[in-house]
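Numbers here simply count residues along the sequence, with the first being 1. The basis for the numbers below is simple: all heavy atoms, side chains too, and nothing from hydrogens, waters or symmetry mates. Computed from a predicted structure; not experimentally measured.
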Amino acid sequence: MQYRFIHDQRLGISLPQLEIEWENYSPACQDVILEKWEEIRGKIPERIQEIENIINKKQAMLDKEEDFETSCRLNLEIAELASLINDLWIWYRTTQHITLD
């Protein structure tokens, strides 16, 4: 097999691992890869929503927090989650097109 999908623990989704250049896959193989990717890609907005809910809870905690160190920790966690959302949107926008031979 010249491709596989590997689960990314941080993102919570599987990402394509292509062993050769996209153009070198047969149109049939490209079709199979794209079908699997579209299935995964379709779940990204739901994953983003889950993370946004966590951010909202942490922001609510931060609003009431009086301890400076805890506030800093919560801010860092929120920033990391926001970065995760950004990365997921990048992957969501990533698509390939089937090459025509």
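The CG atom of Leu76 sits 10.0 Å away from the NZ atom of Lys58 when rounded to the nearest 0.5 Å. For the atom pair OH of Tyr3 and CD of Gln17, the computed distance is 13.5 Å after rounding to the nearest 0.5 Å. Between the CZ atom in Arg47 and the CD1 atom in Ile44 there is a gap of 10.5 Å [rounded to 0.5 Å]. Taking CD1 from Ile33 and CH2 from Trp22, the interatomic distance works out to 4.5 Å, rounded to the nearest 0.5 Å. Note that CG of Leu81 and CG of Asn56 are 10.5 Å apart. Values are rounded to the nearest 0.5 Å. Put simply, CG on Leu34 and CZ on Arg41 are 10.5 Å apart, with the number rounded to the nearest 0.5 Å.
The local environment of CD in Glu21 is sparse, with at most 12 non-hydrogen atoms from other residues, nucleotides or ligands closer than 6.0 Å.
Counting heavy atoms from C-beta outward, Ile6 and Leu15 have side chains that stay 4.5 Å or more apart.
Residues meeting the side-chain contact (heavy atoms from CB on, under 4.5 Å) test with Ile20, sequence neighbours left out: Gln2, Asn24, Tyr25. By the side-chain contact (heavy atoms from CB on, under 4.5 Å) test, Gln9 pairs with His7, sequence neighbours left out. Checked against salt bridge (Lys or Arg N to Asp or Glu O under 4.0 Å), Glu35 has no partners two or more places apart in sequence or in another chain. Partners of Lys43 by side-chain contact (heavy atoms from CB on, under 4.5 Å), not counting sequence neighbours, listed by chain and number: Glu39. Looking at residues two or more places apart in sequence or on another chain, you find no side-chain hydrogen bond (donor to acceptor under 3.5 Å, both in side chains) involving Glu46.
Of all the heavy atoms in Ile78 and Gln59, the pair that sits closest is CD1-CG, 3.6 Å.
Each salt bridge (charged side-chain N to carboxylate O under 4.0 Å, His left out) pair with one or both residues in residues 61-75, not counting sequence neighbours, appears once here: Arg73-Glu77.
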Below 3.5 Å, can you tabulate the donor-acceptor pairs from side chains in residues 82-93 to any protein atom, sequence neighbours excluded?
from: Ser83; atom 1: OG; to: Arg10; atom 2: NH2; distance (Å): 3.3
from: Asp87; atom 1: OD2; to: Arg10; atom 2: NH1; distance (Å): 2.7
from: Asp87; atom 1: OD2; to: Arg10; atom 2: NH2; distance (Å): 3.1

